[in-house]
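In this chain, residues are counted from 1 in sequence order.
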Amino acid sequence: MSVSVIEQAKIQAQVLVPLVKALQAELGEARANALVRRALGDLYRGFGEEFWKAKNESDLGKAVSSAFRTYARDDALAYDVIEQTADAFAFDVTRCAYAEFYKALGEPELGFLLVCTADFATAEGFGPDVKLTRTQTIMQGASHCNFRYRRDGGRSQ
């Protein structure tokens, strides 16, 4: 069986957390974080593109729901679906093992940088007509994360 995304995140953190801290010390936090966001953004955008092509699904709700189940595997996330249609998928994450892990490390701000910001880049990979809105995260201390995926305009693959 393949390694779950939560386990991958924990393994990656062993290298990325010290690396990002060293970059922050050397370059300053703002510059280092921008560099990390740009580098990881390209990677996650590519993951989103690959997923979207492989899924070949015109129903946004079905496609994003399927992708999200991958991130939730191994009890990594608890969430409530608010809306699922051909042009929307909205849900609230109510428990996040990713946030629990980074908080236990004492590094929730790095968890946000390394995990949460990837959501937007991945969504960009779904195509120019798919938009993600999220105004709060558990990682940043909110009670839940509010994910809202919408397709702008007509349907397309």
Side-chain angles (χ1 to χ4, degrees), residues 1-55 60 63-82 89-152:
M1 178 176 256
S2 64
V3 177
S4 67
V5 178
I6 184 68
E7 288 305 315
Q8 289 175 36
K10 289 177 179 181
I11 293 164
Q12 291 166 350
Q14 294 175 25
V15 173
L16 291 177
V17 167
L19 177 62
V20 171
K21 288 178 124 185
L23 287 170
Q24 289 173 337
E26 187 70 26
L27 303 173
E29 188 173 332
R31 195 164 159 220
N33 289 358
L35 178 66
V36 169
R37 268 193 295 282
R38 190 170 53 248
L40 293 179
D42 291 343
L43 177 70
Y44 286 108
R45 195 170 304 100
F47 288 162
E49 289 169 359
E50 288 173 22
F51 167 81
W52 200 255
K53 287 176 190 167
K55 202 66 176 165
L60 179 67
V64 177
S65 174
S66 171
F68 195 72
R69 283 192 301 273
T70 302
Y71 292 96
R73 196 174 114 206
D74 287 354
D75 198 33
L77 301 168
Y79 60 98
D80 298 320
V81 176
I82 308 299
F89 187 60
F91 59 96
D92 291 339
V93 172
T94 56
R95 189 190 63 74
C96 176
Y98 301 89
E100 293 162 3
F101 171 73
Y102 274 95
K103 284 178 184 173
L105 287 180
E107 302 290 351
E109 66 287 338
L110 290 184
F112 181 80
L113 175 66
L114 297 171
V115 176
C116 301
T117 59
D119 298 327
F120 289 94
T122 302
E124 288 172 12
F126 293 167
D129 61 336
V130 176
K131 302 294 180 221
L132 168 61
T133 304
R134 187 188 64 218
T135 61
Q136 62 186 35
T137 66
I138 294 170
M139 194 81 76
Q140 292 181 302
S143 62
H144 66 281
C145 308
N146 58 343
F147 287 81
R148 305 296 184 261
Y149 289 86
R150 294 232 174 264
R151 185 189 325 272
D152 291 339

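Distance check: Leu110 CG to Leu105 CG gives 9.0 Å after rounding to the nearest 0.5 Å. Taking CD1 of Ile6 as the reference point, atom CD1 of Ile11 lies at 10.5 Å (rounded to 0.5 Å). The line from OG1 of Thr94 to CG of Asn146 is 12.5 Å long, rounded to the nearest 0.5 Å. Atom CG of Leu40 sits about 8.5 Å away from atom CD of Gln12, to the nearest 0.5 Å. Here the CD-NZ distance, from Glu29 to Lys21, works out to 11.0 Å after rounding to the nearest 0.5 Å. Of the inter-residue distances, the one linking Leu114 atom CG with Arg37 atom CZ reads 10.5 Å to the nearest 0.5 angstrom.
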**Message:** Under the criterion side chain to side chain contact (heavy atoms under 4.5 Å, CB included), I'd like the reasoning laid out for Tyr71 against Val115: C-alpha separation, chi angles, the key distance, then a yes or no.
**Reply:** CA-CA 11 Å; Tyr71 292 96; Val115 176; over 6 Å; no

**Request:** Determine, stepwise, if the pair Thr117 / Tyr44 fulfils side chain to side chain contact (heavy atoms under 4.5 Å, CB included).
**Result:** CA-CA 10 Å; Thr117 59; Tyr44 286 108; over 6 Å; no

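Within the 4.5 Å cutoff, side-chain heavy atoms of Leu132 are placed close to those of Asp119. Proximity of Asn33 to Val20: side-chain heavy atoms (C-beta onward) are separated by under 4.5 Å at one or more points.
Between Asp74 and Ser4, the shortest heavy-atom distance links the atoms OD2-OG, 2.9 Å. The minimum heavy-atom distance linking Phe126 with Gly48 is given by the pair CD2-O, 3.5 Å. Taking each heavy atom of Pro18 and Ala13 in turn, the nearest pair found is CD-O, 3.7 Å. Closest approach of Ala63 to Phe51, counting heavy atoms only: O-CZ, 3.3 Å. Contact detail for Lys103 and Ile138: the closest heavy-atom pair is NZ-O, 3.1 Å.
Side chain of Arg150 to main chain of Ala90: no donor-acceptor pair is present (N/O by atom type, distance under 3.5 Å, no hydrogens or angles). Side chain of Tyr98 to main chain of Met139: no donor-acceptor pair is present (N/O by atom type, distance under 3.5 Å, no hydrogens or angles). The main-chain N or O of Val3 is found under 3.5 Å from a side-chain atom of Gln8 such that the two form a donor-acceptor pair. The backbone N or O of Cys116 lies less than 3.5 Å from a partner atom in the side chain of Arg134, making a donor-acceptor pair.
Test Phe91, Phe120, Phe89, Tyr79 against Phe147 for ring pair (Phe, Tyr, Trp, His ring centres under 6.0 Å) and you get one pass: Phe91.
At most 12 non-hydrogen atoms from other residues, nucleotides or ligands lie less than 6.0 angstrom from CZ of Arg31.
Look at Arg148 and Asp92 and you find a salt bridge, because one of the NZ, NE, NH1 or NH2 atoms lies within 4.0 Å of a carboxylate O, short of that distance.
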